[in-house]
Amino acid sequence: MPNVSQDEILAPLNEQQRIAVTQLDGPLLILAGPGSGKTRVITHRIANMIAHGISSYSVVALTFTNKAADEMRTRLKRLAPDNHAWTGTFHKFCSKLLRRHAELVGLAQNFTIYDMSDSKKVMKQAIENADVDLKHYSPDKLSSQISNVKNNGVTAEYFQPRPGHALDAIVGKVYPEYQKLLKMANGVDFDDLLLHAVDLLRQSPELRETLDRSFTHMMVDEYQDTNLSQYQLIRLLNHSVQNLAVTGDPDQSIYGWRGANINNILEFEKDYPNVGIVRLEQNYRSTQSILRVADQLIANNVRRKKKELRTDNEAGQPVRLVTFPSPQDEAIDIADSIALAIQTGERRARDFAVLYRANWLSRALEHALRSVGVPYQIVNGHEFYQRKEIKDVIGYLHLLNNPRDNVAFERVINTPPRKIGKVTLGRLRRYAQDKNLSMLDAARHCQQIDAISNAPTAKILQFVAMFDRMAYLPTDAVEPVIRVVLEETGYRDWLTDDGSEEGFERANNVDELVVACQEFDQERPEDGGLEAYLEQAALVSDTDVWESEADHVTLMTLHAAKGLEFPSIYIVGLEDGILPHERSSGDDDEIEEERRLLFVGITRAKRDLQISRCMNRFRRGSYWPSIASRFLMELPRDQMQVFEPIAQQYDDSTFADSIDPMDPWMHDGLPSYDVNDDLISEREDQVKESPAKATNRPTFPRLVTAAQFAAEQEALLSDIRLHPESYKIGMDVEHPDYGIGRILTLTGEGQKRTATIEFAKLGKKRFRLAFCNLRAV
DNA sequence: ATTCGCAAAGTTTTT
DNA sequence: CTTTGCGAAT
């Protein structure tokens, strides 16, 4: 199939977009407001390059998440079906580069990528080895400090402690030790991927030159979120050939805390003097009401490039600003509204997203959505991979792929328990470091270690023998490897040994991991294999696991929501200490970043937006009164629909003996709401008709109670579905669309209970049992 | 060596 | 309310 013509590339673009797509050579800065068709511009720009005879092999587009890269790739495929442009994340790009030239920075090609909990273990070891006294600083603090240093492109060799700076002095001792341990284990942390890649290009000018010239056209997405290492990487690869286009929006810079430097985009013009600048200001996503709120809010930031947000979209419903008594009310009201909209057919579950500042805020929402029977998905991808049983099994895989991986060795040597304890391990570690051996190699020589007595020696040698039996396995497919690991180590059996509920749950998770490996093998028969699997497992981001096609409400952090859009958005917890977060409410720069975060959240909404806060919040064991976020005062209230309780009037009865004044349910007289008159809506009518309950629990206006809705759902569904708990592994079931299949795995509980089912014709599918119409056969 | 229990600490955001 | 860590008992 031929690629599309120039006309087809340019036709769907507005004037500004067209300029961005047609200027292919030289540096280009694309300032893209939210919803301005940025991805379209990037894909059409690449298509246009190809149409102009530029080889797609020399085109590189860098993003921050795999999701964004996949989206780009898919859309580009439609415009230029046989293109070979490289699209992917910074970290993946660097990883690829490093694997090819690992030895130049003192690594071997099969290096391990450590996640944060793994690298923290290395850090603890480094602190111990460096023999520093950490009275004033926690290991966490030190980790983040070293991460900062790395993000600024400073290697351990180049680090110079500022005189008189206590933390710097400690960093100066620990950082080199930490790097030494990583190198010994043939491992890197996330920051190293970037730092080593930059180092590599600096060490080898010839390689730099070659790559610079072979990637003739580069594009960088979300440029406002690049840190100094990424900046340096980009500069190194765009020196001799400067066809570099970056897109970004300073107003959406929300990763300053992990080293992103907003100056990279603000000063792009200085770095590349002959830069072309395009502003994409036309918004195709949101209603005027939503955009006006976003615009007013962000106007409070001082450090920004003024930018217009305009749209030809309809005015739309006013944005709602609601105050709830407690998080439960907030969650239940949101769940009910969503349930109602689904029930009436007005919306589907997938149209909704609930956004919050911190992950723990999702709990009340989960609970409420479950009680109302609305399917939802919580987007935090690390959760699964952080489970102990998963980390254990993957630990074995890491050790097989990289026998020098000391973190993996220490994790698995005694799981399941093999009577090799802390003391033995300490002696082994000492020997390994003295002789400059990996832990595994030290284990091979453990007979020569006087300090280790006969019994543990035998156990260690048994372990080594077992490892050697597995090490023979071909690693071009993952599933066979993981199956042998589970078999040889007895890990899965060990989990279920005690017959506890928890054990089976864990075994199920392990089964799910096996299925994931299986799927990986199927998806990537050519370039897959163990190493590739471990790499992608290490580099998945939270949004990457988000199933955008499935029909469920999305729950995620404001950070994770960047780049996405939904017809209807709820942003919760607009309270002082939460947004802006208490740990960041220091200087103006940090407050501005928090404000940008809210800006990002607001601009995810296409048609409906509700922003809410609570008057009390359950924190650290009890309820505390919550203060409204300062950002709420910055919104154009006169143009919004405000639901706020009238100022509390305490009468004596409120504080009667049996009543806890801290209890959020107990505030008196709350059902009266102060609503501005000119914005009367259907919703408000219903609010007014809603009868207050005769309990002392204030009834917040609710359209359908959770119990009512749940009961109706239950009645509707009970006759056609089995109870989620009644499914068993191995059971044959019939699906209305897919036909007959057999249940392979079961995980989760209640509404979350999920089955992997193998269908004769279509292969494996995964279902939330509560939401599919299965029949037992 | 492993397990259990209690106490303290602490809740950003993520590749 | 949760999770994590440490220390004592078996």
Side-chain angles (χ1 to χ4, degrees), chain A residues 62-69 88-95 113-117 119-120 124 138-140 143-144 147 150-151 188-195 197 222 225-227 229-230 253-260 327 355-364 367 379-383 385-386 388 413-426 453 455-456 459 498 535-545 556-562 573 575 577-586 590 593-594 596-598 600-601 617-624:
Chain A
L62 296 173
T63 62
F64 276 82
T65 65
N66 294 304
K67 188 106 200 152
T89 65
F90 270 99
H91 287 82
K92 204 168 172 191
F93 180 85
C94 292
S95 178
I113 301 170
Y114 287 133
D115 69 16
M116 281 213 312
S117 61
S119 60
K120 215 147 266 173
K124 282 194 174 150
S138 65
D140 272 3
S143 274
S144 73
S147 175
K150 287 185 170 186
N151 285 328
V188 300
D189 64 20
F190 285 133
D191 303 323
D192 281 341
L193 285 172
L194 306 171
L195 192 58
E222 310 278 18
D225 288 330
T226 50
N227 62 30
S229 287
Q230 287 159 328
S253 163
I254 54 176
Y255 285 107
W257 52 272
R258 74 171 197 211
L355 310 181
Y356 35 80
R357 175 66 233 263
N359 280 309
W360 62 272
L361 290 161
S362 71
R363 283 192 200 153
H367 191 78
V379 179
N380 53 0
H382 296 302
E383 201 187 59
Y385 283 102
Q386 289 306 325
K388 184 186 179 305
I413 178 75
N414 202 32
T415 31
R418 300 188 180 91
K419 301 207 184 291
I420 302 167
K422 239 179 19 193
V423 181
T424 308
L425 211 51
S453 57
K459 299 289 179 191
D498 62 354
E535 173 162 313
Q536 74 108 45
L539 295 179
V540 285
S541 72
D542 278 0
T543 32
D544 292 342
V545 297
M556 61 182 154
T557 62
L558 288 159
H559 282 92
K562 195 171 70 161
E575 289 148 52
I578 295 180
L579 186 68
H581 196 274
E582 57 192 349
R583 299 261 284 249
S584 68
S585 51
E590 290 190 337
E593 181 156 313
E594 298 283 306
R596 289 194 291 270
L597 196 50
L598 179 56
V600 166
R617 194 161 285 274
F618 196 77
R619 294 180 93 176
R620 281 233 257 292
S622 54
Y623 282 96
W624 301 93

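Below, chain A is the first sequence line, B the second, and so on; all start at residue 1.
With sequence neighbours excluded, the residues that form a side-chain contact (heavy atoms from CB on, under 4.5 Å) with A/Ala538 are A/Ile113. Remark: A/Tyr114 pairs with no residue by the ring-ring contact (aromatic ring centres under 6.0 Å, His included) rule, at least two apart or across chains. A/Pro139 meets the side-chain contact (heavy atoms from CB on, under 4.5 Å) test with A/Ile127, A/Leu134; sequence neighbours excluded. In this structure, the ring-ring contact (aromatic ring centres under 6.0 Å, His included) partners of A/Trp257, at least two apart in sequence or on a different chain, are A/Tyr255, A/His559. Residues forming a side-chain contact (heavy atoms from CB on, under 4.5 Å) with A/Ser453 (at least two apart in sequence, or on another chain): A/Pro456. With sequence neighbours left out, the side chain to side chain donor-acceptor pair (under 3.5 Å) criterion links A/Glu575 to A/Arg617, A/Ser626. Here A/Tyr356 pairs with nothing under the ring-ring contact (aromatic ring centres under 6.0 Å, His included) rule; sequence neighbours left out. Not counting sequence neighbours, the partners of A/Thr63 by the side-chain contact (heavy atoms from CB on, under 4.5 Å) test are A/Ala68, A/Ala69, A/Met72, A/Thr89, A/Asp221. Residues satisfying the salt bridge (Lys or Arg N to Asp or Glu O under 4.0 Å) criterion with A/Arg619, sequence neighbours excluded, are A/Glu582.
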Give me the distances for all protein-to-nucleotides 1-5 of chain B N/O pairs that come in under 3.5 Å?
| from | atom 1 | to | atom 2 | distance (Å) |
| --- | --- | --- | --- | --- |
| B/dA1 | OP1 | A/Gly421 | N | 3.1 |
| B/dA1 | OP1 | A/Thr424 | OG1 | 3.4 |
| B/dT2 | OP1 | A/Asn414 | ND2 | 3.4 |
| B/dT2 | OP1 | A/Lys419 | N | 3.2 |
| B/dT2 | OP2 | A/Asn414 | ND2 | 3.1 |

Protein-nucleotides 5-10 of chain C N/O pairs under 3.5 Å:
none

Nucleotide N/O to protein N/O under 3.5 Å, stretch nucleotides 11-14 of chain B:
| from | atom 1 | to | atom 2 | distance (Å) |
| --- | --- | --- | --- | --- |
| B/dT11 | OP2 | A/Arg583 | NH1 | 3.1 |
| B/dT11 | O5' | A/Arg583 | NH1 | 2.3 |
| B/dT11 | O4 | A/Arg620 | N | 2.9 |
| B/dT12 | OP2 | A/Arg583 | NH1 | 3.3 |
| B/dT12 | O4' | A/His581 | NE2 | 3.2 |
| B/dT12 | O2 | A/Arg357 | NH1 | 2.9 |
| B/dT12 | O2 | A/Arg357 | NH2 | 2.2 |
| B/dT13 | OP1 | A/Asn359 | N | 2.4 |
| B/dT13 | OP1 | A/Asn359 | ND2 | 3.2 |
| B/dT13 | O4' | A/Arg357 | NH2 | 3.4 |
| B/dT13 | O2 | A/Trp257 | NE1 | 3.2 |
| B/dT13 | O2 | A/Arg357 | NH2 | 2.4 |
| B/dT14 | OP1 | A/Asp542 | OD2 | 3.4 |
| B/dT14 | OP1 | A/Thr557 | OG1 | 3.0 |

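Put simply, CD on A/Gln386 is 10 Å from P on C/dT4, counting in whole angstrom units. Distance NE2 (A/His367) to P (C/dC1): 14 Å, rounded to an integer number of Å. If you take CG of A/Asp140 and C1' of C/dT4, they are 12 Å apart, rounded to a whole angstrom. Straight-line distance from the CG atom of A/Leu539 to the P atom of B/dT15: 10 Å, rounded to whole Å.
The aromatic rings of A/Tyr623 and A/Phe618 sit perpendicular, their planes meeting at an angle over 60°, well past the 30° parallel limit.
Only the P atoms considered, C/dG5 is 15 Å distant from B/dT12, to the nearest whole Å.
Within 4.0 Å of A/Phe64, counting heavy atoms only, lie sugar-phosphate atoms of the nucleic acid but no base atom.
With A/Asn227 contributing its side chain and A/Gln230 its backbone, the two residues share a donor-acceptor pair below 3.5 Å.
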